[in-house]
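Read the numbers this way: they start at 1 and go in the same order the structure lists the ligands and their atoms.
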Amino acid sequence: MKTPESFASPVYVTRPYLPDFDRACERLAPVWESAHLTNDGPQHDLLEREIEGVVHGTPAALVSSGTAALQLAFAALALEGEVITTPLTAPATAHAIAWSGMQPVFCDIEPERCTLDPERIERAVTPRTSAIVPVHVYGMPCFMDEIEAVAARHGLRVVYDAAHAFALEVDGVSVAGRGDASAYSFHATKVFHAVEGGAVTSRHADVVERVRLLRNFGIVDESTVAFTGVNAKMNELEAVMGLLGLEAIDEQLRQRGRCDAVYRERLAELPGIELLREPAGVRRNYAYMPIRVVEQGFGIDRDRLHRGLQGFNVFARHYFSPLCSWMPGHREHASASPSNLPIAEHVAREVLCLPLFGALAEEDAHRICDMIEWIGETAC
Ligand code: T4K
């Protein structure tokens with residue numbers, strides 16, 4: 001096989017969607033004219049309503065980040081004690097639990113989608129457990145029916161970390177209304193973004209109302225502060241970026257889907273490369289393109305492939321290694337023991353997320369597959 005040609009400029013794991021600059025200026029003009037920059041401005045309120053449309057009418061409250069969405073959802077539900085979660089996630093998930101004064105208790109994942117294993121959750125429940133925080137990691141929906149059945153048996157709340165789940169639907173229904181709440185991230189690296197930002201969605205309208213107060217110090221009006229809130233508001237500039245992003249989201253998702261299809265077609269049969277199975281009945285959002293590099297089949301391990309791709313100017317990422325259970329502040333807990341998390345430990349050593357974003361051309365995805373094939377063939 002001929003040595004593939006490197007990309008002239010770096011290809012990152014993701015690239016945020018940027019609207020046309022003149023269009024952005026046009027949409028920003030009303031903000032300049034009104035000088036209303038934050039605190040429930042008109043752009044903010046418009047985006048909040050648009051997001052409720054995306055999640056099929058589930059009530060939604062915009063916040064300043066996905067991390068704030070988790071923390072405010074926990075506060076709105078008055079969670080305490082222990083919270084069962086996955087170690088294969090961004091630090092934000094476990095950190096948000098800890099910053100809320102709770103103990104993250106790690107439970108292993110299942111290998112099909114790399115989400116929390118419902119069968120293992122039950123063993124982690126103690127009298128101190130108040131909730132389960134599953135993550136729709138890589139945009140793969142969790143096994144929600146099974147998880148919610150465990151929660152119902154033990155009287156636990158379920159807060160989904162939906163940072164990767166924008167526009168994700170199962171059997172035609174948005175995942176936003178599942179459990180007691182979902183926490184979305186609208187960070188620049190996400191499928192849909194507002195530069196920074198996030199949202200709490202919940203089928204319980206009172207939970208969303210509480211988040212709306214919590215994000216603004218608990219202020220009800222000029223004379224009334226209901227409780228101890230915080231500043232977790234999205235501002236008008238971010239809201240405009242979000243509104244502009246929504247104008248292009250369908251095409252962004254379609255292009256991600258086209259590249260995902262190229263990767264799947266080209267890599268499915270490659271020895272030593274494993275893909276997550278596409279679940280039936282799911283409207284995917286193609287948030288990430290995780291592959292597993294099995295050294296025995298591929299010839300070299302994940303880290304060597306990672307470095308090999310860098311040699312071609314391709315900057316894949318090993319999300320989510322380190323596992324949260326390896327991090328100081330979390331690794332001391334008994335549930336963080338590798339023997340408790342065998343599948344997550346395995347995945348963390350093999351996973352590599354390939355570039356996937358709306359501006360990636362199918363041709364580029366093909367070139368990245370050529371590079372992976374070449375690295376595998378020549379490295380042995
Ligand atoms: N739950 C889960 C499961 C999450 O994944 C996250 C966030 C959260 C909760 C919390 O949500 P937020 O509070 O962040 O809203 C990134 C993001 O910073 C983080 O939001 C995200 N997860 C995590 C998975 O990824 P890094 O450290 O990998 O980002 P960084 O700066 O290395 O960016 C990755 C690549 O993206 C760069 O190589 C180039 C490209 N990029 C990035 C940014 C920020 C751009 O092209 N432009 C940009 O502005 O954490």
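Any N or O atom pair closer than 3.5 Å counts here, and G66 shares at least one such pair with ligand 1. Considering backbone and side-chain N/O of Y288, none are found under 3.5 Å from N/O of ligand 1.
Classification of the H330-F106 ring pair by plane angle, with boundaries at 30° and 60°, yields perpendicular.
Listed by atom number, the atoms of ligand 1 under 4.0 Å from R15 heavy atoms are 45 (C), 46 (O). Distances below 4.0 Å separate heavy atoms of Y319 from the following atoms of ligand 1: 25 (O), 26 (P), 28 (O), 34 (C). Taking every heavy atom of A92 and a limit of under 4.0 angstrom, the matching atoms of ligand 1 come to 8 (C), 9 (C), 10 (C). Near D161, meaning under 4.0 Å from one of its heavy atoms, ligand 1 places the atoms 1 (N), 2 (C), 3 (C), 9 (C). Within ligand 1, counting atoms from 1 as listed, the ones closer than 4.0 Å to a heavy atom of P16 are 45 (C), 46 (O), 47 (N). The atoms of ligand 1 that sit less than 4.0 Å from any heavy atom of S185 are 11 (O), 12 (P), 15 (O). Under a 4.0 Å criterion applied to the non-hydrogen atoms of T89, ligand 1 contributes the atoms 3 (C). Here is the list of ligand 1 atoms found below 4.0 Å of a heavy atom in H164: 2 (C), 3 (C), 4 (C), 5 (O).
Between F186 and M234, some side-chain heavy-atom pair lies under the 4.5 Å cut-off.
Nearest-residue assignment for atom 23 (C) of ligand 1 (options K190, H95, H136; heavy-atom criterion): K190. For atom 39 (C) of ligand 1, the nearest non-hydrogen atom from the set Y12, F357, Y184 comes from Y12.
Residue-level proximity to ligand 1 for F186 is absent, since no heavy atom of it falls below 4.0 angstrom. When heavy-atom distances to ligand 1 are checked against a 4.0 Å cut-off, E196 has no atom that comes that close, whether in backbone or side chain. Residue-level proximity to ligand 1 for T93 is carried by the side chain, the only part with a heavy atom below 4.0 angstrom. Residue contacts with ligand 1, taken as heavy atom pairs separated by less than 4.0 Å, involve T67 via backbone and side-chain atoms alike.
Between E373 and R266 a salt bridge is recorded (basic side-chain N to carboxylate O distance below 4.0 Å). Between D260 and R256, none of the side-chain N atoms (NZ, or NE/NH1/NH2) sits under 4.0 Å from a carboxylate O, so this pair counts as no salt bridge.
Within a 4.0 Å radius of atom 32 (O) of ligand 1, the protein contributes at least one heavy atom.
From R264, atom CZ reaches atom SG of C259 across 13.0 Å, with rounding to the nearest 0.5 Å. With rounding to the nearest 0.5 Å, the separation of CD1 in I97 from OG1 in T85 is 4.5 Å.
Among all protein heavy atoms, the one lying closest to atom 35 (C) of ligand 1 is V13 CG1, 3.9 Å. Looking from atom 27 (O) of ligand 1 to the surrounding protein, the closest heavy atom is R317 NH2, 3.7 Å. Of all protein heavy atoms, the one closest to atom 43 (C) of ligand 1 is T189 CG2, 4.1 Å. Atom 2 (C) of ligand 1 has as its closest protein heavy atom A163 CB, 3.4 Å. In this structure, the protein non-hydrogen atom closest to atom 4 (C) of ligand 1 is A90 CB, 3.4 Å. Remark: minimum distance from atom 36 (O) of ligand 1 to any protein heavy atom is reached at T14 CG2, 3.3 Å. Summary of contacts: the protein heavy atom closest to atom 44 (C) of ligand 1 is H187 CE1, 3.8 Å. Among protein heavy atoms, the minimum distance from atom 49 (O) of ligand 1 is reached at A188 CB, 4.0 Å.
Between the side chain of R27 and the main chain of D22, no donor-acceptor pair closer than 3.5 Å is present. Without hydrogens or angle criteria, S34 side chain to P30 main chain gives a donor-acceptor distance under 3.5 Å.
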*Does the pair F7 and F312 meet the rule for a ring-ring contact (aromatic ring centres under 6.0 Å, His included), with working shown?*
CA-CA 6 Å; F7 285 100; F312 288 107; 8.8 Å; no
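Within a 6.0 Å sphere centred on CD of E332, other residues, nucleotides and ligands contribute more than 12 heavy atoms.
Y263 approaches C369 most closely through the heavy-atom pair CD2-SG, 3.6 Å.
Remark: the H187 side chain and the S185 side chain contain no N/O donor-acceptor pair separated by less than 3.5 Å. S6 and N313 form no side-chain donor-acceptor contact under 3.5 Å, judged by distance and modelled atom types alone.
Between H164 and F320, a ring centre-to-centre spacing shorter than 6.0 Å is recorded. Checked against the 6.0 Å centroid criterion, the rings of H136 and Y160 qualify as a close aromatic pair.
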